[in-house]
Amino acid sequence: MISVDFSKAVRRIDDFAAPLIQAHRWLQEATGRGNDFVGWVNLPRDYDKEEYARIKAAAKKIQSDSRALVVIGIGGSYLGARGAIDFLCSPNYNLKKKDTPNIYFAGNGLSGDYLQEIVDLVGDDDFSVNVISKSGTTTEPAVAFRFFRELLEKRYGRDGAAKRIYATTDKARGALKSLADAEGYETFVVPDDVGGRYSVLTAVGLLPIAVAGVDLDALMGGAAKMMDACRRGNLDENPAWQYAAVRNALYQKGKKIEILAAYEPAFRFMAEWWKQLYGESEGKESKGLFPASVEFTADLHSMGQYIQQGERHLFETVVRFGPSKSRLKVPRDESDGDGLNFLAGRDMDYIAAQAMDGTLLAHVEGGVPNLVIQAGEKNAETLGELIYFFEYACGLSGYVLNVNPFDQPGVEAYKKNMFALLGKPGYEELGKELREKLGR
């Protein structure tokens, strides 16, 4: 089970007990701001069992008839799944010899070169598509889906393509739902009461994760265990309460940036997921910690200098994991030209542990508070625990900050301007105004 060590970050967090009790009640009773989007709170227990079985069946079908799966989505519609696959299967998943399909992520940007590269990587392989969009009109994934739908229909015919397209979308309405119903795509639901950045444990994340061969039962089981832990109503026993309290305590002391660090390269995209979760949930009303991430020890040779001696407006949250599966030991070299024979016979976990502790002490002495989240071994159950832990702590932390953790009004600003500049009907006047500002 996850534990939180804040002894190197703050002395006490008792002052946050009262606001956390209120925030906890708002989450548990669905009575706080944004309460229409707290369906994720009980999701590990109350998920749709029938759909869950269909997700597993669809994953097996894709594994049997496809050598590649193209997952089309942006933001919360792809970060969680990509993070989970990288973490549990390898950042080099597509390069490994395996019995499961390669998985490519598209629709998360507007680069033509990136899109063409995925088309080229799929090549002549049999492939399927999982398009993820509640509305079906979000520009980036909608554009990508046009390309891959056309490719599927050219290769397999319209009816054949329909059997290879899986749409994760609104249960009843929207452009993608209408198209899926008309064409006969198998559909899965983006729940109305779960926002995108909290959706990784729904069909949004579970289908591609299952295609990669991950044990969904273990993933959901870990999340359920953490859900039970997060229901505890006191600061001493609830790790999510502790994390939320420490973050807000440091924020009140003038720390404006939280750096999430891990000594595991496979955690990189889970950190990207975490950045969206916290940035989109708390960054509003001119409030909120800025979420950043680093990969140690690699970034100790780049960002390490700034962290150690730069402006003191940041703190670190370090995620540590249990023992590695590969217990590699450093070999002895008779010449000892690199002077490392003092490490001969030591395993990599031991060396990494000393690096972690040495870095923690150096950064703390340099004025950077360090918060340590200790997780279990790198497996599906641990990841399920970690996902739910971060989600619940995010909801609590947002409420303590006195913002709505479940909306994202600022995201619409760029979309409005982009539509106007692209000439979308209805945006003509704004487009003219923006072009003048740009000197066009």
Side-chain angles (χ1 to χ4, degrees), residues 1-6 20 24 27-28 38-47 52 76 79-89 194 197-202 204-206 209-210 212-247 258 260-264 266-278 281 291 293 317-325 356 371-397:
M1 184 61 69
I2 287 170
S3 63
V4 176
D5 179 0
F6 53 88
L20 281 167
H24 182 70
L27 286 178
Q28 291 295 321
V38 294
W40 56 270
V41 171
N42 294 314
L43 183 69
R45 180 190 64 205
D46 297 341
Y47 62 89
Y52 185 70
L79 280 171
R82 178 159 185 182
I85 292 168
D86 272 22
F87 182 71
L88 297 173
C89 303
V194 179
R197 58 189 178 274
Y198 292 85
S199 67
V200 62
L201 296 177
T202 71
V204 169
L206 293 182
I209 291 171
V214 172
D215 183 346
L216 293 191
D217 292 343
L219 184 72
M220 295 300 286
K225 284 176 60 178
M226 184 51 61
M227 181 185 76
D228 289 340
C230 288
R231 295 177 73 178
R232 299 170 188 157
N234 65 77
L235 198 51
D236 293 332
E237 296 183 4
N238 192 320
W241 280 39
Q242 294 167 6
Y243 180 45
V246 174
R247 298 180 77 252
E258 178 178 12
L260 187 72
Y263 290 75
E264 174 50 67
F267 192 71
R268 177 187 172 196
F269 261 91
M270 284 309 303
E272 295 297 318
W273 168 82
W274 172 88
K275 285 193 284 191
Q276 184 200 3
L277 179 66
Y278 281 83
S281 295
S293 64
T317 297
V318 183
V319 183
R320 294 190 178 189
F321 296 99
S324 303
K325 295 183 180 72
M356 292 181 207
L371 171 69
V372 177
I373 297 171
Q374 182 63 58
E377 294 182 12
K378 195 161 71 74
N379 58 34
E381 182 176 331
T382 293
L383 185 61
E385 290 182 10
L386 203 55
I387 287 169
Y388 191 90
F389 164 80
F390 277 131
E391 289 180 345
Y392 200 82
C394 186
L396 291 173
S397 187

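Predicted, not measured: the structure shown is a model, and the values here were computed from it.
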Please name all residues satisfying side chain to side chain contact (heavy atoms under 4.5 Å, CB included) with [X], sequence neighbours left out, ordered by chain then number.
X: T317; value: Y243, E258, L260, F315, L371, I373
X: M220; value: Y47, Y52, L201, L206
X: V372; value: D5, R320, L360

Pairwise distance OG1(T382) to CD1(I387) - rounded to 0.5 angstrom: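 It is 11.0 Å, given to the nearest 0.5 Å.
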Distance (rounded to the nearest 0.5 Å) between M270 CE and L79 CG: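 M270 atom CE to L79 atom CG measures 9.5 Å (nearest 0.5 Å).
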If every non-hydrogen atom of [X] is compared with every non-hydrogen atom of [Y], which pair is closest and at what distance?
X: I209; Y: G205; result: CG1-O, 3.0 Å
X: V194; Y: W40; result: CG2-N, 3.6 Å
X: V214; Y: A380; result: CG1-CB, 4.2 Å
X: A244; Y: L396; result: CB-CB, 3.9 Å
X: C394; Y: Y278; result: N-OH, 3.2 Å

Partner set under ring pair (Phe, Tyr, Trp, His ring centres under 6.0 Å) for W273, not counting sequence neighbours: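 None.
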Which residues share a salt bridge (Lys or Arg N to Asp or Glu O under 4.0 Å) with R197, sequence neighbours left out: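 For R197 the salt bridge (Lys or Arg N to Asp or Glu O under 4.0 Å) partners, ignoring immediate neighbours, are E280.
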Name each donor-acceptor pair under 3.5 Å that joins a side chain in residues 224-233 to protein atoms two or more places apart or in another chain, with its distance.
{"residue": "K225", "atom": "NZ", "partner": "E381", "partner atom": "OE2", "Å": "2.7"}
{"residue": "R232", "atom": "NH1", "partner": "E237", "partner atom": "O", "Å": "3.1"}

